[in-house]
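This report refers to the structure that appears directly beneath it.
Remember, it's 1-based here, ligands and their atoms both numbered in the order they're listed.
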Amino acid sequence: MVGSLGPNSRKHKVTVVGSGNWGTAIAKIVAENAANSNGIFEEKVEMWVYEEKIEIPETSPHYDASSPLCQGEQNLTDVINKLNENIKYLPGVRLPTNLHANPSLEDAVKDSTILVFNLPHQFILRICDQLKGKILPYARGISCIKGVDVNENGIHLFSETIGKRLGIYCGALSGANIANEVAQEKWSETSIAYDPPHLDSKCPTPHRSPNSSTVDIVEFEHKDTSGQISDVKLQPVPNEYPPVDHALLKRLFHRPYFHASVVNDVAGVSLGGALKNIVALAAGWVDGMGWGDNAKAAVMRVGLLEMVKFGEKFFGATIENRTFTEESAGVADLITSCSGGRNFRCARLSIERNLPVEEIEKTELNGQKLQGTLTAIEVNRFLSKQGLENEFPLFTAVYQILQGKMSVADIPHHLEC
Ligand SMILES: NC(=O)c1ccc[n+]([C@@H]2O[C@H](COP(=O)([O-])OP(=O)(O)OC[C@H]3O[C@@H](n4cnc5c(N)ncnc54)[C@H](O)[C@@H]3O)[C@@H](O)[C@H]2O)c1
Ligand SMILES: O=P(O)(O)OC[C@H](O)CO
């Protein structure tokens, strides 16, 4: 029984929900830290894997004709656990042995107090539905997802959507973090945003439920961009566990090669990561046209301004503008994404090969997913519904180009208007 244990006597169990390129890289980091946490985290870290069959090709350094693992199709989870490598989504990177690939979502999250959500944003809503009732009610989440949740009610951060659907608090992690570089332990920075409506004064609108007979449950109101107020009953983490706070999150994610800064601005950190993907597509197209670095810098300048404007306009009360300039999740992520990110690279190739970006995604990414294409469409759906497309000419141009309604050659003129 949790209640019979003393303060900090229990360890946090951590599960990473997702195992793609970034999911696996973050799971590696978390498992490295969990292996040496002085009793804060359980050593074994679970990584939920969307199961699929793979075959180890003869060209792979892991190929051994006599190995049962090389006899036809295998479960990706078995391959990851036996080779300590995600040969499909993060090839060539050795994973810690305390990281366990688990094909069962329910089993992977069972008893976990910390859930790290890290999968392409188009899959997260369905995963949340599957997780309902399967997680600890006092679990805490961190969303590493770069995207926004657009529906008929407005636009939401995925940290909010996850929190609302699961009845937990969820923060965000985002930064200038191309997964392959991070996984190879090349130095980078990241931003973690975490600002739960604790029993302290941090939350803008926390209050105890007047009807609640227990001090263990806190209700907080959150106004989303549609003006709706959602009530989430947040349960505190029992004090048998070390408190989930900025210091603990730093212990979970910070590495000598991965410097984590922990802040409160969840909206700023989340939005930077989502919107830069739209800009990166434009940067890739401009680069593919051979227009040079000045043109790419122009796209990035306009893109950054639109990112800030979008944040101010739709998340004004909660966002801190300086996140865009001072945090890795802001301009630094924009720069790296427009230099070597997948959205940038696929967009550039689409010009060079005269093919749609989605076609390049299918042939070049081996199952990895672009987030910019869908985000551009979702953001446009939100903007057009409000008649605000003209106020965001670059976001709108990216959408129009994806729809085949505008050509890349028209970008300069479109931005001049
Ligand atoms: N890759 C990066 O460099 C990077 C860096 C920072 C942030 N991100 C962000 O992290 C998030 C996750 O990206 P990623 O790179 O780990 O993923 P990815 O692009 O590698 O996508 C592949 C993953 O999607 C999973 N998948 C496919 N179909 C699925 C389904 N129907 N249901 C559930 N899962 C399914 C696959 O199993 C695989 O794990 C994205 O929002 C991305 O923008 C990525
Ligand atoms: O490869 P992308 O375009 O999905 O971008 C990767 C990361 O978000 C860069 O920080």
Side-chain angles (χ1 to χ4, degrees), residues 16-29 47-54 75-77 80 86-91 93 101 103 105 116-131 142-149 157-159 162 172-184 186 188-191 253 258 269-270 272-284 327-349 357 360-362 364-376 378:
V16 179
V17 178
S19 55
N21 191 229
W22 186 226
T24 309
I26 276 290
K28 170 180 178 286
I29 286 170
M47 175 173 75
W48 173 69
V49 175
Y50 179 72
E51 190 68 288
E52 61 185 285
K53 296 282 185 193
I54 60 159
N75 289 330
L76 178 58
T77 43
I80 295 174
N86 187 342
I87 66 166
K88 174 149 188 196
Y89 293 107
L90 195 59
V93 174
L105 186 60
V116 180
F117 297 92
N118 200 335
L119 65 167
H121 79 276
Q122 52 268 48
F123 306 126
I124 185 64
L125 299 185
R126 198 174 45 77
I127 294 301
C128 283
D129 288 343
Q130 291 175 37
L131 284 175
I142 291 290
S143 166
C144 304
I145 296 165
K146 291 184 175 175
V148 278
D149 179 21
L157 310 173
F158 275 111
S159 48
I162 293 167
L173 180 151
S174 183
N177 301 141
I178 289 178
N180 292 336
E181 294 181 16
V182 176
Q184 288 162 28
K186 295 177 176 174
S188 71
E189 299 178 302
T190 202
S191 310
F253 291 106
F258 190 62
V269 164
S270 305
L275 299 176
K276 63 83 186 172
N277 284 331
I278 307 177
V279 185
L281 288 172
E327 280 300 318
S328 178
V331 70
D333 193 11
L334 180 69
I335 293 169
T336 202
S337 296
C338 294
S339 308
R342 296 169 299 184
N343 288 285
F344 169 79
R345 287 186 285 113
C346 287
R348 184 175 57 189
L349 271 180
V357 182
I360 303 288
E361 177 183 19
K362 276 192 204 123
E364 299 300 313
L365 290 189
N366 193 29
Q368 292 181 38
K369 308 284 181 203
L370 294 181
Q371 301 285 262
T373 41
L374 194 53
T375 304
E378 291 162 339

Proximal atoms of ligand 1 relative to [X] (non-hydrogen, under 4.0 Å):
X	value
Glu52	37 (O)
Ile178	3 (O)
Asn118	10 (O), 11 (C), 12 (C), 16 (O)
Ile145	41 (O)
Ala179	1 (N), 2 (C), 3 (O)
Ser19	39 (O)
Gly23	16 (O)

Starting from [atom], find the nearest protein heavy-atom neighbour and note its residue, name and distance.
atom	value
atom 20 (O) of ligand 1	Asn21 N, 2.8 Å
atom 2 (P) of ligand 2	Arg342 N, 3.4 Å
atom 36 (C) of ligand 1	Tyr89 OH, 3.5 Å
atom 27 (C) of ligand 1	Phe123 CE1, 3.6 Å
atom 22 (C) of ligand 1	Gly367 O, 3.5 Å
atom 43 (O) of ligand 1	Gln371 CG, 3.2 Å
atom 37 (O) of ligand 1	Tyr50 CB, 3.5 Å

Give a yes or no answer on whether the side chain of [X] reaches the backbone of [Y] with a donor-acceptor pair at less than 3.5 Å.
X	Y	answer
Asn21	Ala179	no
Trp48	Pro103	yes
Asp333	Ser328	no
Asn277	Thr375	no
Thr24	Ser19	yes
Glu51	Leu76	yes

Closest heavy-atom pair and its distance - Ala27, Met47
CB-SD, 3.6 Å

Which heavy-atom pair separates Thr190 from Ser174 by the least distance, and what is that distance?
OG1-O, 3.4 Å

Out of all atoms in ligand 2, which are within 4.0 Å of some heavy atom of Gly341? Include the element for each.
1 (O), 3 (O)

Asp333 neighbourhood, listing ligand 2 atoms whose heavy-atom distance to it stays under 4.0 Å
9 (C), 10 (O)

Should the ring pair Tyr50 and Phe123 be called parallel, tilted or perpendicular, given that the plane angle runs from 0 to 90° and is split at 30 and 60?
parallel

Check the pair Ile162 / Ile145 against side-chain contact (heavy atoms from CB on, under 4.5 Å), numbers first and verdict last.
CA-CA 11 Å; Ile162 293 167; Ile145 296 165; 4.2 Å; yes

Using heavy atoms and a threshold below 4.0 Å, how should the contact between Trp22 and ligand 1 be classified: side chain, backbone, both, or neither?
both

Answer with yes or no whether [X] contacts ligand 2, where contact means a heavy atom under 4.0 Å from a ligand atom.
X	answer
Lys146	yes
Ser337	yes
Gly175	yes

Side chains of Gln371 and Gln122: is there a donor and an acceptor less than 3.5 Å apart?
yes

Will you find, in the side chains of Ser191 and Glu327, an N or O donor that is under 3.5 Å from an N or O acceptor?
yes

Verdict with supporting geometry, Phe258 and Ser188, side-chain contact (heavy atoms from CB on, under 4.5 Å):
CA-CA 5 Å; Phe258 190 62; Ser188 71; 3.4 Å; yes

If you take the nearest heavy atom of each of Gly273, Gly20, Gly340, which one is closest to atom 23 (C) of ligand 1?
Gly20

Assess [X] for proximity to ligand 1: is some non-hydrogen atom of it under 4.0 Å away?
X	answer
Arg126	yes
Cys144	yes
Pro120	yes

Validation row: Leu173, Ile26 side chains within 4.5 angstrom (heavy atoms):
yes

With the side chain counted from C-beta on, respond yes when Lys88 and Asn366 share a heavy-atom pair under 4.5 Å apart, and no when they do not.
yes

Polar-atom distance check: [X] versus ligand 1, any N or O pair below 3.5 Å?
X	result
Asn277	no
Trp48	no
Gln368	no

Part of Lys276 with heavy atoms under 4.0 Å of ligand 2, whether side chain, backbone, both or neither
side chain

Where does Asn343 meet ligand 2, judged by heavy-atom distances below 4.0 Å: at the side chain, the backbone, both, or neither?
both

Are the charged groups of Arg345 and Glu364 less than 4.0 angstrom apart, N to O?
no

